[in-house]
Every structure is written in C-alpha cells, then in structure tokens.
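First up is the structure itself, then whatever we jot down about it.
Naming convention: chains lettered A, B, ... in sequence-line order (proteins, then strands); numbering from 1 in each chain.
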Amino acid sequence: MSDIETRPRTREETILEGLNEAQRGAVLHGDGPLLIVAGAGTGKTTVLTRRIAHLITTKRARPEEILALTFTEKAAREMSERVDQLVPYGYTESFIATFHAFGDRMLRENCFAAGLSADFRVLSRADEIVFLRERLFSLPLARFRPLGDPGRHLPTLVEFASRAKDEDVPPDAIRAFAKEQLRRFSGVEGDEALSLREQALDLIEAAEFFKAQQDALAASALVDFGDQIHLFLKLLRQRPDVAIALRKRFRYILVDEFQDTNHAQLELVRLIAGEGRPNITVVGDDDQAIYRWRGAAPANLIHFLSLYPEAARVVLRQNYRSTQEILDTAYRLITYNNPHRLEAMTGLDKRLVAERGKGRDVAHWRFPSASAEADAVAKAIEEFHQRDSVPLDEIAILVRNNADADPFLRALNMRGLPHRFSGGAGLFERPEVRSLIAFLRLVASPDDSVSAWALAFSEIYAFDPVDLSRMSRYASKKTRPLLDVFRELEGNEDLASVKGPSREAAKRFVADLERGVSSMAHKRTGEALYEFLKESGYLARLASVSSAKDERKVANIARFFEIVRGFSMVAEHDHIPSFVARFDLLRDAGEDPSAIEIQEGDAVNIMTVHKAKGLEFRVVFVASCIDQKFPLRRRSDPLPLPAPLLKSDLSPGDAHLMEERRLFYVSMTRAKDDLILTSADDYGAGATRKVSRFVVEALDLPSPRARVARSSPLETIAASAPVPDGLSPAPAGASAEPESLAAAMAPPLRLSFRQVDDYLTCPLKYRFVHRNRIPLLTHHRVVYGSAIHQAVQDMFKARQAAVAFGVEDLVAAFRRAWVSEGFLSREHEELRLREGERTLTRFFAWEKAHPLRPTGVEEDFSFPILRTRVMGRYDLVVAGDDGVTILDFKTGDVNTQARAQQRAEESLQLAIYALAHLRTTGALPSRVELRFLETDLVGGFRPSEALALATEKAIADVADRISRGRFEATPSHAACRPCPFRDVCPATAKDD
DNA sequence: TCCCCCACGGTTTTT
DNA sequence: CCGTGGGGGA
C-alpha cells in the first residue's frame with residue numbers, strides 16, 4: 001500500500017482508505033469467494049478495478065487468467081480503461097466483457113463441442129421473429145389461433161419465451177406443469193376450472209411453440225442473443241471437460257452489478273468457478289436491482305452466499321457522492337422494501353455514511369399542471385446554472401418513461417437551454433428516415449399509395465399540397481395507384497389544372513421510382529437506397545446546407561443505413577422487398593433505435609432512470625412523481641409463467657412495487673448536492689393525480705393526501721405560470737365568426753357510417769381517407785371479411801328469390817369473392833381461406849337450425865340531418881310479428897357472449913341503423929343485432945328513441961366540424977395502432 | 001368494510 | 001381494446 005500513499009489522493013484512494021483494515025485485506029489480498037455489497041456511490045467499480053490491478057501487480061496473476069463480467073458494454077469499457085491505467089504494463093489481456101459477449105466468444109471457441117457449425121450466426125431480433133412467425137403457422141394454438149394477423153400474437157409469445165429463458169425454466173417444465181394442471185381440473189366444473197384449463201392449454205401450446213422454435217434455431221445453427229448464454233450453459237452441464245478447461249484458464253472471476261444478472265448467469269459463474277474455494281468476487285447492491293423484467297434477481301446476492309457459505313463479506317458504506325440528507329432520505333424510502341432486502345435478511349448494515357456532510361434538504365415541488373412543472377424545472381435549472389454556476393452537464397431530469405420527457409424538452413427549448421435526451425425516441429419516426437422507408441415501400445409495392453403520398457409530401461419532392469390532394473382524390477376516384485396518376489399526368493385532361501412545379505416534381509418522382517424499381521432486381525437494398533439518395537439530389541441538398549438540423553438528418557440517415565447493412569449481413573436475398581418485409585417485423589417487434597442527438601458539450605441531461613444508473617449529477621430532478629406513473633401501474637403478463645415455476649416467492653404485485661421503489665431509490669441516489677422531486681395535479685387527463693407514495697415514504701410525509709408546503713422560491717413562478725394543459729386546441733371563441741361563415745358556404749355534406757366513424761376515431765384520419773382520398777392497400781383482414789360477407793349476402797339473396805342454395809354454393813361464393821391481396825405469405829392465405837370455408841360451413845349448419853327470413857338484403861338507405869345527407873346500407877332486414885330486426889354480420893374474434901353484447905351496445909353502426917329506420921319509416925326497429933360469424937354469437941338490443949336522437953346529434957356535430965374544416969389529429973394508442981397512416985402521419989411523428 | 005363500476009392509459013432495454 | 005385499481009356506494 002505504501003506506493004499509494006506517496007501519491008496525491010485520488011477518489012479511488014479515498015474509497016480504499018475508507019475501508020477498514022480487514023476489509024481492505026479482503027478486497028485486495030483475500031483468496032476464495034468474496035461478496036462485496038456496495039451501496040450507491042461507494043465506488044463499486046473502483047474496488048473491483050483495484051482488485052484486478054492488485055491481482056496482476058501484487059499477486060502475480062497473469063492478466064489472461066482474469067475474467068471480469070459486466071452488465072453493459074459501457075461498464076466493460078470503463079473497467080478496461082481503468083485497469084489499463086493502474087497496471088504498469090500499459091495494456092491488459094484480461095477478459096473484461098459483458099455476459100453476452102462472453103457467451104458469444106465461448107460458444108465460438110467451443111462450437112464443435114456444442115454441436116454448432118463453426119460459422120453459426122447470431123440472430124437479430126427480427127431474424128428470430130421471422131423464425132417464430134414461420135413456426136406459428138404450423139401450430140394449433142388455442143388462444144393464439146392465428147385468426148387475423150399471426151404476427152399479432154408474436155410479441156406475447158416472444159416475451160414469454162424470453163422470460164422463460166431468463167427465469168431459466170425449460171419448456172419441458174412448463175409443459176409438464178401445464179399437463180398436470182389440465183389433469184387436475186379436467187373433471188372440475190365451473191368458470192374458474194374452465195379458465196384454469198384454458199390457461200393450461202395455452203401454456204402447453206406456448207411451451208411447444210417455444211421448444212419448436214429453439215429446435216429450429218439450433219438445427220440451423222442460428223442463435224439468438226439470449227441463447228448464447230443458455231446454449232453455453234447447456235454445453236457446460238453436459239461437458240465437464242469444457243468446464244474444467246475454463247476453470248484452469250480463468251482462475252479469477254469478478255462480476256460487477258451482480259444483482260442485474262439473471263439465474264442463468266449465476267449458474268454460469270458457478271459452473272466455471274466450480275465448488276470449493278474458487279477465487280471469485282461479486283459486487284452488487286440488492287437495492288439497485290432494476291432489471292427484474294430481464295431476469296435480474298436482487299436475491300442473487302443471497303443465492304451466492306448459499307452457494308459459497310464461507311465467502312468473505314465486505315459491505316461498503318462510505319459514500320463519496322451525495323450529502324447525508326440525500327442518503328438518509330433515500331434510505332428511508334428503501335426500507336419500505338423490508339423484509340425483502342439483504343439488510344433485513346442477513347442483518348448486514350448498509351446505511352450509507354456521507355463523506356460530504358449534511359447538505360440541503362430534499363425538496364418536493366408540486367404544481368397545478370404538467371407544463372407548469374416543466375416550466376418551473378427549466379427555470380430552476382437556469383438559476384442553478386447562472387446563480388450557482390452549476391454546469392448544465394451536472395444537472396439531470398430523470399423520468400420514469402421516455403414519454404414523460406416531452407414537456408421538459410419543450411420547456412428547456414423555450415428557455416434556450418441546451419439539453420440532451422437519451423430517450424429512445426425513434427429513428428424510424430424521423431421525417432428524413434420516414435421518407436426513405438416510404439421510398440423502399442413504394443419500390444417494393446408500387447400500388448402503395450400511402451407511401452407514395454408520404455414521399456411526395458416529404459421535403460425531397462415537396463409537392464404543392466393542393467395539387468397533391470387533387471391528384472390523390474383523382475387516384476382514389478379512378479381506383480388507380482397514386483404513382484400511376486403521377487406517371488400519366490402528362491396527358492390527363494382531368495388534371496390539366498395541376499401547376500407546373502408539381503408536374504416537375506411528379507416527373508422527378510416517377511423517374512426516381514422507376515430507377516429504384518429497375519435497380520431492385522440486381523442491387524442490394526443499401527445500394528439501391530444510396531442511388532436514390534444521390535440521384536434524387538436529396539443527399540446533395542442536405543450536405544450543402546450545413547445547418548445543425550441537416551447534419552442531424554444526415555447522421556440519422558447514416559444510422560438507418562447501418563440497419564440496412566445489418567440486414568444485408570443476415571439476409572439470404574438482400575433486395576428491397578425482403579428488406580421491407582423484415583423491416584415491418586422489426587418494427588412490430590418494437591424495435592426502434594434511438595435517433596442521433598448532436599447536442600455536444602455542456603447540456604442538461606434528460607433521461608430515464610434506467611439509463612441514469614451508475615451516473616451522478618450535482619442537481620437531480622425526479623419528474624412526474626405521481627401515483628400510477630412512478631410507481632408505474634403494473635401490467636400483468638398476457639401469458640404468465642405458472643407461479644410454482646417461478647423462483648420468486650413474492651406476489652407479482654409486491655415484486656413490481658418493490659422494483660419500482662428500487663428504481664426510485666436509484667434515481668434519488670444519483671444526486672450529489674441537490675435532489676428535487678416534482679409532481680403536478682394535472683397531466684392532461686382531467687383528474688387530479690395523487691402524489692407518488694414514494695415521495696410520501698422518502699420525505700416521511702404524514703399521508704399521501706397532505707399537500708406539501710410550497711416553501712420553494714418557485715412557488716410564485718408556479719402560481720403565475722400560465723396553465724396550458726397542452727390539450728386545448730385553438731381558442732374557440734376567437735375564430736368563431738369566420739368558421740361559421742365557412743360552414744355556411746360549405747357544400748352539403750354526404751356522410752356514411754364509415755366516415756362518421758373515421759372522423760370520431762381521428763379527424764386527421766378522416767381527412768386522409770375521405771378528403772385527400774389516399775388510396776389504401778388492401779389489408780388481408782378486409783379481403784377475408786368482405787369475401788365472407790359477400791358469400792353470406794349471396795345466400796340470403798338466393799333465399800329471397802326462392803332459389804336453392806347449398807353449403808357448396810356458399811363456399812363457392814366465398815371463393816369467388818376472394819382477392820389474393822395483402823396476405824403475408826402463401827401459407828397465410830391458404831390458412832385464411834380454409835378458416836373462411838370452415839366458418840361458413842359451420843355458419844350454414846347453424847343458420848339452417850334457426851333460419852332467417854329476410855325481407856331486405858343489402859337495402860340502401862339515406863336521410864338528411866340539417867344540410868347533411870346520411871347514406872348507408874343495411875345488411876339484412878327481417879320483418880317479424882313483433883316488428884323489424886336489422887342485422888349486421890361481423891367477422892373477427894369476439895369470443896364471449898358478454899363481449900358480443902358489449903360490441904353491439906357500443907356499435908355506432910347499429911345506432912345509425914336505428915336512426916335511419918326511424919327517419920325513413922317513422923318507426924324505430926324493434927331490434928338491432930350484430931351477428932359474429934366465426935363464433936355464432938349474437939349481440940343486440942331494442943333501440944330507444946333517446947339513442948337515435950343522441951346519434952343524430954353526434955352526426956350533426958361531426959358534420960358541423962367537418963364543414964368547418966376541423967381536422968386536428970387526436971392521436972391515441974387505440975386510434976394510431978391500427979391506423980394505415982401510422983407511418984406517414986405527422987401527428988404521430990416526432991418533428992424537429 | 002367490501003364489492004362493483006368506471007375511467008385511465010398504454011414501460012423500462014441489454015446484445 | 002382491456003386490465004387495473006381507485007373511488008364511491010351500500
């Protein structure tokens with residue numbers, strides 16, 4: 001140690017000095033297993049790094065005998081660098097890497113022993129999804145019946161499979177458990193038994209699926225990222241010789257962030273380290289385990305002690321980072337996780353002792369609205385920066401999820417404070433990348449008018465909006481692809497009024513597209529895309545105007561090219577159509593790499609708590625501290641792993657809350673000097689939000705309801721701040737005059753149910769579909785639905801005409817109406833065809849048992865509401881003794897009677913039918929019904945006059961807003977997810 | 001105190 | 001769309 005003391009003290013030395021004699025001996029000189037429990041800000045990595053350096057310099061360990069495993073690449077890099085600095089050789093050959101990198105390398109070194117060919121490939125997530133999808137078609141999944149879109153259930157299954165892997169539950173165990181459940185409940189009656197049986201069946205299906213997928217992957221020597229570890233583990237279990245060789249090779253094993261590793265990784269360490277007294281050091285803090293959803297287990301530390309009971313224990317309590325006030329506040333919070341904490345379980349004392357003294361109080365600021373909260377935080381940051389000279393770099397706003405950052409980003413922008421947001425917010429959402437995607441889509445399917453529209457509208461071509469709208473409407477009217485309209489613009493008399501610049505743009509557009517299509521056959525995706533960028537002149541334009549914005553655009557485009565290149569490496573056929581297919585899967589799998597941020601230098605940090613782990617800042621704001629946000633509401637697993645197979649003994653709810661509390665603990669302990677928790681009453685949803693229970697726990701407030709004293713200097717600012725809730729559109733009163741004038745001038749409107757429905761879903765969607773008339777690509781669900789519909793209508797028309805019509809006629813009608821468009825694959829189409837035939841055959845038999853005698857089939861109706869004419873068509877009208885019933889046939893998975901009834905009661909369509917019948921005949925129908933063809937379920941009711949009048953008012957309101965030109969988007973999860981304009985809509989896009 | 005209904009809101013990210 | 005959990009009513 002003497003060499004250390006002669007140099008000036010560094011932070012590392014301070015940390016080492018903080019250890020008592022025995023601890024220092026254990027950390028630096030100790031042999032055998034060593035568990036270091038290190039709280040926040042105690043220098044975990046430093047101690048580990050020191051130990052590595054000490055092993056090499058003093059204990060004469062050879063660097064290559066040392067294996068150090070970390071959780072992130074960043075941690076691995078940092079550790080390597082610091083070891084390099086400490087070890088006089090100037091370099092080290094120690095294996096310092098993440099678990100994944102280690103598993104990958106070991107598998108490659110032992111591929112033959114593992115039964116893999118030497119050139120096995122590591123799969124991307126998208127590759128894995130492709131595999132899963134292919135398998136899914138061949139499986140008779142009960143609940144996951146690939147009814148509409150087989151890709152829809154993939155996320156559930158993929159997540160299930162990966163969780164099972166992380167929890168280290170083999171498919172066989174899942175299947176065995178499920179079969180046992182099935183046996184137990186097979187004779188038992190009642191709803192609960194039924195649902196347990198159903199769950200068991202699902203589990204069996206999922207386990208089969210999971211197993212089949214694994215076998216398929218192994219057979220083709222493709223391995224997904226998680227499997228590298230699991231395959232390697234399997235190898236080690238089966239081949240003790242490999243494990244022994246590794247044990248000889250890596251005499252020292254060190255693991256950082258031990259609590260963030262999963263069960264499989266713990267076993268990996270054990271298999272390599274062996275029994276006895278291996279030289280293994282793990283460092284972790286159970287209170288900072290925040291990756292449970294990836295299999296991380298705070299109990300790993302306990303588990304380690306049970307594996308190596310003789311392990312030396314060192315607890316690092318000396319905190320060099322924060323003030324005592326911050327530490328105490330955070331500690332008060334985390335003790336609410338007792339008795340499930342290491343301290344409570346083992347009697348260790350982990351209370352942190354600050355080197356830096358007491359410090360200022362932890363504050364909680366509450367505001368009336370989210371924007372007031374954001375404004376006040378931005379203002380406070382400005383003050384910290386200007387008055388106290390805190391560098392912006394040293395200030396962080398921590399959010400629970402990426403979306404929460406929005407108001408803060410806006411507020412910082414308003415004040416001109418530089419900031420960087422490391423939120424994932426989407427590369428694929430950037431306008432410049434969207435344009436490229438639109439180009440690729442359009443090359444792959446030239447009929448895709450949504451993409452054509454998006455690309456034409458983009459800054460690459462910048463069509464005149466009026467002209468574009470006109471051409472688009474024309475395309476829709478003539479049911480031609482938009483691209484064809486561009487192409488044949490020259491001789492088109494109907495579009496003679498299209499202006500010169502638009503004609504130019506269309507010419508360029510068509511030429512670029514045709515070049516793309518002709519390149520498609522012989523060029524790889526990247527090449528074709530690059531050619532497009534070059535030839536369209538877009539790249540040159542971006543490069544010549546060297547603003548920061550354009551630089552970022554170029555950087556984002558470059559990143560997109562990396563993805564294209566990545567695809568090229570694994571794809572068998574790298575051409576645009578296969579890339580587009582793969583891209584869609586990737587996107588469906590939730591993949592969206594973060595866009596480039598070019599903000600360098602001194603800037604405020606905004607990031608999620610997960611990203612902040614391991615970092616520190618002088619001033620930390622923990623934002624949106626309200627119930628349901630932080631802690632975030634628990635979302636239950638769509639397909640839960642059976643409790644007996646889980647390693648945890650906690651209820652899922654408790655485990656979730658404790659994880660969120662650890663997350664809050666992590667965010668609090670990032671602060672060095674000042675910690676401010678902020679919250680607001682209103683986050684735009686109307687209801688007043690409760691303050692987070694964590695704020696109450698940490699600050700020891702009397703009760704969650706008590707209002708925190710607004711003692712901060714920000715109180716005044718908050719009070720005087722305008723309270724825009726972000727939701728209120730343009731002030732209605734101000735522009736009322738011209739709008740009503742516009743309404744009076746507008747031509748009479750014709751509205752169908754579809755139009756009203758689209759407008760209510762999202763006015764912008766209405767504009768896209770019914771105003772701009774962007775022609776849509778056929779979706780397979782539409783093909784299926786309308787073919788079924790057609791067949792059923794044919795049957796009833798025949799009945800009306802007293803013509804014989806058998807089940808074979810029904811199926812024939814179905815086949816006739818079938819259009820081969822929009823299907824994911826040949827198998828998918830076959831599957832859907834068979835599904836349709838089966839459905840119709842069953843329906844035929846069912847209907848024969850209680851036949852309908854329709855008085856009207858596909859009858860048109862139309863009636864006025866003020867100046868608006870409402871148009872529509874009844875599927876089926878049946879006049880009976882007790883009045884008229886109007887029916888509508890539906891396809892789609894409605895499985896329960898309750899659901900069917902609910903759908904009927906909420907159906908705008910049925911309400912419009914009732915209203916139409918009232919207005920056209922003077923009487924309400926006695927009943928309106930939805931009939932679900934797949935399940936033979938019926939939902940219906942007797943419509944009331946009140947419903948009819950309410951519907952009339954709703955339609956009048958929609959008509960009024962349409963004629964006033966109100967098309968503000970109302971983005972929501974429910975509306976945007978199934979929307980065909982999701983990829984091109986500016987309302988879902990993140991703009992600059 | 002318990003149960004039912006209604007409104008709310010849609011993760012976190014490693015490789 | 002649909003689970004969840006809080007709030008309100010009995």
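In this structure, A/Leu231 places its CG atom 20 Å from P of B/dT15, rounding to the nearest Å. A/Arg292 has its CZ atom 13 Å from the C1' atom of B/dT11, to the nearest Å. A/Asp627 has its CG atom 9 Å from the C1' atom of C/dG6, to the nearest Å. Protein atom CD of A/Glu905 is 15 Å distant from nucleotide atom C1' of B/dC6, rounded to whole Å. One interatomic measurement links the two molecules: CZ of A/Arg634 to P of C/dC2, which rounds to 18 Å at whole-angstrom precision. Rounded to a whole Å, the NZ atom of A/Lys690 is 18 Å from the P atom of C/dT4. Here the P atom of nucleotide B/dT14 and the CD atom of A/Gln259 are 16 Å apart, to the nearest Å. Spacing between atom NZ of A/Lys611 and atom C1' of B/dT11 amounts to 12 Å, rounded to whole angstrom units.
No side-chain heavy atom of A/Glu257 sits less than 4.5 Å from a side-chain heavy atom of A/Thr70. A heavy-atom distance below 4.5 Å is found between the side chains of A/Leu947 and A/Phe941.
Checked against B/dT15, B/dT11, B/dT13, the side chain of A/Tyr291 finds its nearest nucleotide in B/dT13. When distances run from any side-chain atom of A/His610 to the nucleotides B/dG10, B/dT11, B/dT12, the shortest one goes to B/dT12. Side-chain proximity of A/His100 to the nucleotides B/dT13, B/dT15, B/dT11 is greatest for B/dT15. Taking the side chain of A/Gln628 as heavy atoms from C-beta on, and the options B/dT15, B/dT12, C/dG5, the nearest nucleotide is C/dG5.
Within the 4.0 Å cut-off from OP1 or OP2 of B/dT13, not a single side-chain nitrogen or oxygen of A/Asn401 is found. At B/dT12, one or more side-chain N or O atoms of A/Asn402 fall inside 4.0 Å of OP1 or OP2 (strictly under the cut-off). Close to B/dT13, at under 4.0 Å from its OP1 or OP2, lies a side-chain N or O of A/Thr608.
Put simply, CD1 on A/Ile290 and NE2 on A/His610 are 4.5 Å apart, with the number rounded to the nearest 0.5 Å.
Under the rule for a salt bridge (Lys or Arg N to Asp or Glu O under 4.0 Å), the partners of A/Glu697 that lie at least two apart in sequence or sit in another chain are A/Arg661.
B/dT11 and C/dT4 have their P atoms separated by 15 Å, given to the nearest Å.
Among the heavy atoms of the strands lying under 4.0 Å from A/Glu73 are primed sugar atoms or P, OP1, OP2 only; no base atom is included.
At a cut-off of 3.5 angstrom, the base of B/dT11 holds no donor-acceptor pair with the side chain of A/Arg633.
A/Phe408 and A/Phe621 have their aromatic ring centers separated by at least 6.0 angstrom.
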